[in-house]
Protein chains: 2
Amino acid sequence: MPVPARTAALAAIHPIQVVTRRTGLSADVIRVWEKRYGVVTPVRSAGGRRLYSDADIERLRLLAHATLSGGTIGRLAALSPEALAALIAPADASTGAVTGIDAARPAHEAVRRPSPVPGGTAMTAARDHLDTSLAAITRFDGVALDLLLRRAAIALSAEAFLDALVVPLTERIAAHVRDGTLRPAHRHLAHAVLRRVLDHVTTTATPPLPSRDVVVTTPSGQGQELGALLAAAAAAADGWRVTYMGPGLPAEDIVETVERIGARALVLSLGAAPGDRVIPRELRRLRALLPGDVAVLLEGAGAEVHRSVTAEIRAAAPRDLAEMREQLRALADGSDDVPTSDGTAAAAAPGRGRGRR
Amino acid sequence: MPVPARTAALAAIHPIQVVTRRTGLSADVIRVWEKRYGVVTPVRSAGGRRLYSDADIERLRLLAHATLSGGTIGRLAALSPEALAALIAPADASTGAVTGIDAARPAHEAVRRPSPVPGGTAMTAARDHLDTSLAAITRFDGVALDLLLRRAAIALSAEAFLDALVVPLTERIAAHVRDGTLRPAHRHLAHAVLRRVLDHVTTTATPPLPSRDVVVTTPSGQGQELGALLAAAAAAADGWRVTYMGPGLPAEDIVETVERIGARALVLSLGAAPGDRVIPRELRRLRALLPGDVAVLLEGAGAEVHRSVTAEIRAAAPRDLAEMREQLRALADGSDDVPTSDGTAAAAAPGRGRGRR
DNA sequence: GCCGTCTTGTCAAGATATTGTCTAGGACAA
DNA sequence: TTGTCCTAGACAATATCTTGACAAGACGGC
């Protein structure tokens, strides 16, 4: 195996506690795996303490994921990193993306993925994270929440993190604020942290190499950006190169962004704002200005509210993140059609070029 | 290891207490780190007292943050600033990104980074960053901009990064959009990236230890959050523990946040919105609800616009970041003796040792 | 189905290593 | 004089290490 020439990455300097955080394994397990199966061979400090390299950590994390999928460590321990990755990839491709981030190492290869279902274990794991996160919010501990979420993003797959943790978390927060268990200030704090973490997930999960481009934003008049960030993170974890533009973009600027980037898809996040007059107008203007072959996805509660306009501008309206993923994938698989919620094919006027420079 | 002749331009003039304030480390720790691990080598005054340069402080802050993630100071101390930064922001997927994209040129160029912190040339260094950043914006390259800014934040000191790069950059962008050289879409892109980077700077610069707390937000009706993030980053770099709450917070929620956290100061960022009726009302409500010993600072163009209210609610109105820093520092110095009129959560009483962890 | 064996994660105890804080005695600065 | 800073050493709190034991499942044979 070729040795990467990155000094920082080579440095084997992480004490076991860091490995604990980044792999989700207990220190005991890490040690016993080393002793019984020789999964890694960390160097030792002068005082005899184990010092792990990023590569060690990466391998441990791969193993941890692989065992979650059912294999026994005794057998997996002998496998090469490639074999491990191959084993995990079919079950959970997003791992590759998120993994690449922290370990700064593995390639961004397998972006394809068949079965989206993370599995029952991931759900229960996510529930734990959910409870601890809520506890942190309750005691108004933003730092702890930040840490917990980042850790969860690593421990869980990107998909599980978003679907089984972030989404339920925001819903629970909203519910608690409604029934008075939490104050609005709690929600603000949580949202501030969530924005930060989601932004982080998005940028780190975004594949560096040229790939399918998608622009994510919120139309003019929409201030709520959590949904947009969620969509951005989901798209990024799914192998799209995301350009996130923040909330409240006028139609002209959206169009210009899409054209300059040459994006194939545009995801707009719409909060529920019944009776809103601005949004429908912006959406119509958007479709008029937008190249015909750019697919438009309306994410969030607002898509339901403005359903007639949604149909009118030939936009897809995924019900949730899972549906959005499917539609994005359909888009990526070469078909220019995005299935709309009611089944009609949306978008795609392949004849008209988009006139890129 | 080349030993660069230290330019007198970057005066090493800070006594240890300033370092204490700006890093969140106790004087004991700073001294013992120097003695045991040689993390910095401050010059001495005629009387034998340590005098720290800004670069020293920056390094100490990086180290303090790096230890937070679990690394042991004994090993971290030997690391280069680049390696440290990579450790703190393991999310360096963007590095891989650009490396991969223009892989045409050898990676060495990126690794062999130049100029740590030249004193008098700090401004020229910042000018370079400014130009390259503007170029990235012009060609609509958000990924490159992100990378450039993060690098600059490491290469320059936090102060220089904010004052000599970010602030001028936003001004130049605004000017270019005005005169038509850049499109609004460019500005949106740049702001989206800037928000992300500033948020990152804020969190990484915020001292992990209990220290003086400040809450940064934007009052209800203010959507623009770049200024608030800028102020947050500046305060964090100055040793305050920042709780950033995002834009558009109603007075009640601001007050509740301040009280729950036990913050000593509140920074509100106000954009220029002449004729605004909501802001003055919110500000008055705020002062009425807020504990009397909480200092209020109004940052941004809006403070000028609402000058009468500013005076009425006994708020400071710094003209720029430098002035805000001064006022914050004065607050930090003076309040040692100021008794808390209200018995709420005595916060961090400085002076004696502060509890680690 | 039942029972022994193997696998695997967790825990305990006793010893070291590492690190932050504190004390004491003295010097310097305003 | 008073407050800040310096050095050196002592000390307490964590983190980690090693060895060994053990419980819960998984598995295979009867």
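Computation of the quantities below employed the complete heavy-atom set of this structure, encompassing side-chain atoms and omitting hydrogens, waters and symmetry-equivalent molecules. Proteins come first, then strands; the chains are lettered A, B, ... in the order of their sequence lines, and each starts at number 1.
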Per-nucleotide protein contact along nucleotides 4-13 of chain C, 5' to 3', at a 4.0 Å heavy-atom cut-off (B base, S sugar-phosphate only, - neither), is ----BBSB--
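Distance, B/Leu63 CG to C/dT19 P: 12 Å, rounded to whole Å. If you measure from atom CD1 of B/Ile30 to atom C1' of D/dT7, you get 16 Å, rounded to the nearest angstrom. Between the CZ atom of B/Arg31 and the C1' atom of D/dG9 there is a distance of 14 Å, rounded to whole Å. Regarding A/Ile16, its CD1 atom lies at a distance of 17 Å from the P atom of C/dA17, rounded to whole Å. Computed from coordinates, the B/Lys35 NZ to C/dT21 C1' distance equals 13 Å when rounded to whole Å. Going from atom CG of B/Leu25 over to atom P of C/dT19 covers 14 Å, rounded to whole Å. Taking atom CG on B/Leu51 and atom P on D/dC6, their separation rounds to 9 Å, with Å as the unit.
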Can B/Glu58 and B/Arg61 be said to form a salt bridge (charged side-chain N to carboxylate O under 4.0 Å, His left out), step by step?
-> CA-CA 5 Å; B/Glu58 198 67 16; B/Arg61 206 173 51 207; 3.0 Å; yes
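Residue B/Arg50 places at least one side-chain N or O closer than 4.0 Å to OP1 or OP2 of D/dT7.
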Between side-chain atoms of residues 130-149 of chain A and protein atoms elsewhere (two or more places apart, or another chain), which donor-acceptor pairs fall under 3.5 Å?
| from | atom 1 | to | atom 2 | distance (Å) |
| --- | --- | --- | --- | --- |
| A/Thr132 | OG1 | A/Asp128 | O | 3.1 |
| A/Thr132 | OG1 | A/His129 | O | 2.9 |
| A/Ser133 | OG | A/His129 | O | 2.7 |
| A/Thr138 | OG1 | A/Leu134 | O | 2.7 |
| A/Asp141 | OD1 | A/Val143 | N | 3.4 |
| A/Asp141 | OD1 | A/Ala144 | N | 3.0 |
| A/Asp146 | OD1 | A/Arg150 | NE | 2.5 |
| A/Asp146 | OD2 | A/Arg150 | NH2 | 3.4 |
| A/Asp146 | OD2 | A/Arg196 | NE | 3.0 |
| A/Asp146 | OD2 | A/Arg196 | NH2 | 3.4 |

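Of the residues A/Val43, A/Thr23, A/Ile16, the one that meets the side chain to side chain contact (heavy atoms under 4.5 Å, CB included) test with A/Tyr52 is A/Ile16. Checked options B/Thr20, B/Asp56, B/Asp54; the residue passing with B/His14 is B/Asp54 (criterion: side chain to side chain donor-acceptor pair (under 3.5 Å)). With B/Trp240 as reference, B/Val214 is the one residue of B/Val216, B/Val267, B/Val215, B/Val214 to meet the side chain to side chain contact (heavy atoms under 4.5 Å, CB included) rule.
In this structure, the side chain of B/Arg325 does not engage the main chain of B/Asp238 through any donor-acceptor pair within 3.5 Å. Side-chain atoms of A/Arg22 do not come within 3.5 Å of backbone N or O of A/Ile57 as any donor-acceptor pair.
A/Asp28 has a carboxylate O that lies under 4.0 Å from a charged side-chain N of A/Arg31, or vice versa, which qualifies the two as a salt bridge.
Of all heavy-atom pairs spanning B/Ala265 and B/Leu331, the tightest one is CB-CD2, 3.6 Å.
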Find every protein N or O atom lying less than 3.5 Å from an N or O atom of nucleotides 27-29 of chain C, and list the pairs.
| from | atom 1 | to | atom 2 | distance (Å) |
| --- | --- | --- | --- | --- |
| C/dC28 | O2 | B/Arg49 | NH2 | 2.8 |

